[in-house]
Student: 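Right, I'll just put the structure down here and ask away after.
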Amino acid sequence: MRLSQSFIPTMRQDPGEAEVVSHRLMLRAGMIRKVAAGIYSYLPLGLRVIRKIESIVRDEMNRAGAQELLLPILSPAELWQETDRWDFYGKELVRLQDRHERDFCLGPTHEEVVTDLFRREVQSYRQLPLTLYQIQTKFRDEIRPRFGLMRGREFIMKDAYSFDQNETDAQRNYQRMYDAYCRIFSRTGLNFRPVEADTGLIGGISSHEFMVLANTGEELIVFDPDSQYAANVERAEVVAPPVKEPGALSPLEKVSTPNAKSVEDLCALLKIEASLVVKTLLYHTGDNEITAVLIRGDHHANEIKIQRFLGLHDLSLASPELVEKVTAAPVGFVGPVGLSNVRILADNAVSALANFIVGGNETDVHLINVNQPRDFAIDDWGDFRQAQAGDPSPKSGAPLQTARGIEVGHVFMLGTKYSEKMGATYLDSEGQKHHAIMGCYGIGIGRTAAAAIEQNHDEKGICWPMPIAPFQVQILPVTSSEAVRLASEQLYEELNQQQIEVLLDDRNERGGVKFNDADIIGTPFHIIIGDKGLANQALEIKDRKTGEKVLLPPNQVADWIRKAVTQQLHMES
RNA sequence: CGGGGCGUAGCGCAGACCGGUAGCGCACCGCGUUCGGGACGCGGGGGUCGGAGGUUCAAAUCCUCUCGCCCCGACCA
């Protein structure tokens with residue numbers, strides 16, 4: 001492709017609208033342009049990257065035995081009402097009506113639509129297992145779209161759905177997809193990690209997320225370097241501490257703590273460690289009903305775990321008004337002692353504490369030397385906090401480490417959640433009816449591109465891994481002589497003939513402009529052609545990522561490039 | 001939705017407090033000189049100042065209301 005004839009509008013300056021690296025570089029490299037918040041046009045360069053990722057995904061899906069199809073983006077409300085997700089999905093579902101005022105939505109995911117297809121077309125165990133996938137634009141009216149393609153309201157996703165006869169087959173299918181995902185992200189050249197995850201709105205039994213490791217990632221994961229264990233902090237199990245021998249219990253005391261509304265304030269005031277404090281979080285769990293959750297002061301509550309324990313799918317902290325109404329104490333001074341008519345849950349870590357500190361249920365008062373069950377009773381114990389660095393690994397006991405990641409893929413074992421609600425059944429060899437066991441598997445295509453940039457860039461621009469680079473080589477004629485032009489054209493021809501994806505910067509620009517644009521775009525190899533090099537019979541090949549330079553006679557360049565490109569294409573796979 | 005910020009030429013910004021009819025850099029068009037890391041000279045084009053209403057002789061500037069966008073928190077590929 002010739003740059004002079006390409007629509008690759010690079011930007012000299014950083015756009016004001018983008019702060020995150022991948023977003024900024026995608027705009028600057030002329031890959032994408034914004035149409036509205038969270039909605040982007042893919043320009044030719046961006047689309048080339050998207051297509052490359054898609055083709056790796058397609059290849060591995062096919063290899064894993066999945067079949068590609070294409071479901072509609074628009075789907076009728078009735079299907080969503082069958083599974084209750086019409087209501088459950090809430091505002092994130094983009095809804096619209098047709099001219100007859102019938103309700104529709106733009107698909108945010110397609111469990112309902114495939115399950116409907118399945119129940120109409122599949123009757124026999126002989127038709128199983130079945131795995132279907134598609135690569136399609138999805139719509140989710142995100143609360144806050146951000147970071148360019150990282151979290152859009154409209155985005156391209158690969159979604160796959162598996163149907164099996166029994167747990168064993170389903171588990172095997174799940175594993176096949178898991179393995180395919182590992183190959184996909186290895187092949188794209190990304191540094192990633194599969195982690196145990198929460199199932200969220202999709203629901204189901206078990207799930208793993210595929211995280212691209214990057215400091216800018218929105219997700220926090222914990223992992224154990226000694227075993228394979230890794231999990232999203234939302235999900236990570238915290239092992240209960242060993243039971244502690246009760247030591248000498250000091251008598252309960254009231255202390256004055258003016259304005260100490262937070263654990264921090266309190267620790268500063270009393271000159272104590274946060275691990276000696278127990279905070280009492282009050283959650284709104286019903287009409288005028290609150291549930292107290294006790295968490296050690298230096299720990300973070302994990303609302304997903306609490307939610308799951310309580311069997312709720314929505315959880316929020318009680319409003320200050322409700323807190324005062326129920327406990328008679330203002331927010332900041334709530335404690336479990338004397339708290340009546342409130343269910344009290346406590347995180348396991350609290351069981352190892354003695355003589356701790358809690359709110360006094362009175363303005364500017366805390367209680368010290370508190371002990372349970374002496375001073376108050378706990379209704380239920382459980383794992384209610386977020387795992388953090390240093391916690392023992394549930395697998396090996398070794399201290400966990402934390403890392404940030406970008407979630408690019410997610411696999412779920414759904415079980416019969418959808419097949420039961422929608423009546424997706426098959427007959428076994430005995431003529432017995434069973435619900436199909438399902439799995440679903442997503443990959444954010446645009447997000448993978450963004451994650452690749454987060455992981456592969458420097459101060460000058462993108463450094464694409466070869467398998468997903470929009471072009472493999474860029475030719476930069478840096479002086480304007482006829483000899484340079486001819487040599488560039490000749491090499492361009494030669495590389496094209498060898499099926500190398502080459503971008504020729506034949507614009508009438510000075511060398512500096514071309515160098516900078518090539519660096520932003522991030523083509524893995526740059527071939528620099530100038531009068532000086534021609535005179536010495538030595539063209540310069542620069543590796544974008546390492547900056548290493550190779551000097552070669554013009555007639556050896558094409559061959560060298562072909563070998564280098566081939567090698568980098570296969571290195572990761 | 002809560003908190004913070006921003007809408008002025010294609011992009012990045014100034015002008016606003018203190019009303020007087022819009023400016024800078026880059027980009028763009030023409031000619032010439034240049035040409036290995038974002039050249040230079042001369043000439044040129046381009047803006048209902050996000051929108052609506054109000055105050056005023058006069059509004060980018062003051063007031064009210066709106067719309068859009070970005071960043072921080074609760075959702076997710």
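Letters A, B, ... are given to chains in the order of the sequence lines, protein chains preceding strands, and every chain is numbered from 1. All values reported here derive from a predicted model rather than from experimental measurement.
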Student: Using a 5.5 Å cut-off between ring centres and planes within 30 degrees, is A:F515 stacked on the base of B:G36?
Tutor: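 The base of B:G36 is not stacked with A:F515 (the test needs centres under 5.5 Å and planes under 30°).
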Student: Taking only the side-chain heavy atoms of A:K34 (C-beta and beyond), determine which of B:C69, B:A74, B:A77 contains the nearest atom.
Tutor: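 Of the options given, the side chain of A:K34 lies nearest B:C69.
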Student: Considering every strand shown, what is the Watson-Crick or G-U wobble mate of B:A39 when both distances are under 3.5 Å?
Tutor: B:U33
Student: Are the aromatic ring centres of A:F412 and A:H410 under 6.0 angstrom apart?
Tutor: yes
Student: Looking only at the side chain of A:Y40 (C-beta and beyond, no hydrogens), which of the listed nucleotides B:A74, B:C70, B:C75 gets closest?
Tutor: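 Per side-chain heavy atoms of A:Y40, the pick is B:C70.
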Student: Between B:G73 and A:R146, is there an OP1 or OP2 to side-chain N/O distance shorter than 4.0 Å?
Tutor: yes
Student: It should be established whether A:R12 places a side-chain nitrogen or oxygen under 4.0 Å from OP1 or OP2 of nucleotide B:G38.
Tutor: no
Student: Using Watson-Crick or G-U wobble geometry with both distances under 3.5 Å, which nucleotide pairs with B:C6?
Tutor: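 B:C6 is paired, partner B:G68.
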Student: For A:L539 and A:G152, find the nucleotide of RNA chain B closest to each by heavy atoms; which residue's nucleotide sits nearer the 5' end?
Tutor: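 Its nearest nucleotide being more 5', the pick is A:L539.
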Student: Do any N or O atoms from the side chain of A:K514 and from the backbone of A:P477 form a donor-acceptor pair under 3.5 angstrom?
Tutor: yes
Student: May I ask which nucleotide in the shown strands pairs with B:C76, Watson-Crick or G-U wobble, both distances under 3.5 Å?
Tutor: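 Here B:C76 is not engaged in any pair, so there is no nucleotide opposite it.
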Student: Quick check: are there more than 12 heavy atoms from other residues, nucleotides or ligands sitting under 6.0 Å from CG of A:N536?
Tutor: yes
Student: Nearest to the side chain of A:N516, heavy atoms from C-beta on, is which of B:C76, B:G37, B:A74?
Tutor: B:G37
Student: Indicate, with yes or no, if the rings of A:Y161 and A:Y133 have centres closer together than 6.0 Å.
Tutor: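 No, the ring of A:Y161 stays outside the 6.0 Å limit from the ring of A:Y133, centre to centre.
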Student: It should be established whether A:R144 places a side-chain nitrogen or oxygen under 4.0 Å from OP1 or OP2 of nucleotide B:C72.
Tutor: yes
Student: Applying a 4.0 Å non-hydrogen cut-off, can you work out what A:D159 is touching in the nucleic acid: base, sugar-phosphate, or nothing?
Tutor: nothing
Student: Does A:V408 reach a base, just sugar-phosphate, or nothing at all? Heavy atoms under 4.0 Å.
Tutor: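 The residue A:V408 makes sugar-phosphate contact but no base contact.
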Student: Tell me which nucleotide among B:C71, B:G38, B:A77 gets nearest to the side chain of A:F147.
Tutor: B:C71
Student: Name the nucleic acid region contacted by A:E17, choosing base, sugar-phosphate or nothing; use a 4.0 angstrom heavy-atom cut-off, strictly under.
Tutor: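 A:E17: backbone/sugar contact only, no base atoms under 4.0 Å.
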Student: Do the two ring centres, one from A:F525 and one from A:W560, sit under 6.0 Å apart?
Tutor: yes
Student: Could you check which nucleotide pairs with B:C28 in any of the strands shown, counting Watson-Crick or G-U wobble with both distances under 3.5 Å?
Tutor: B:G44
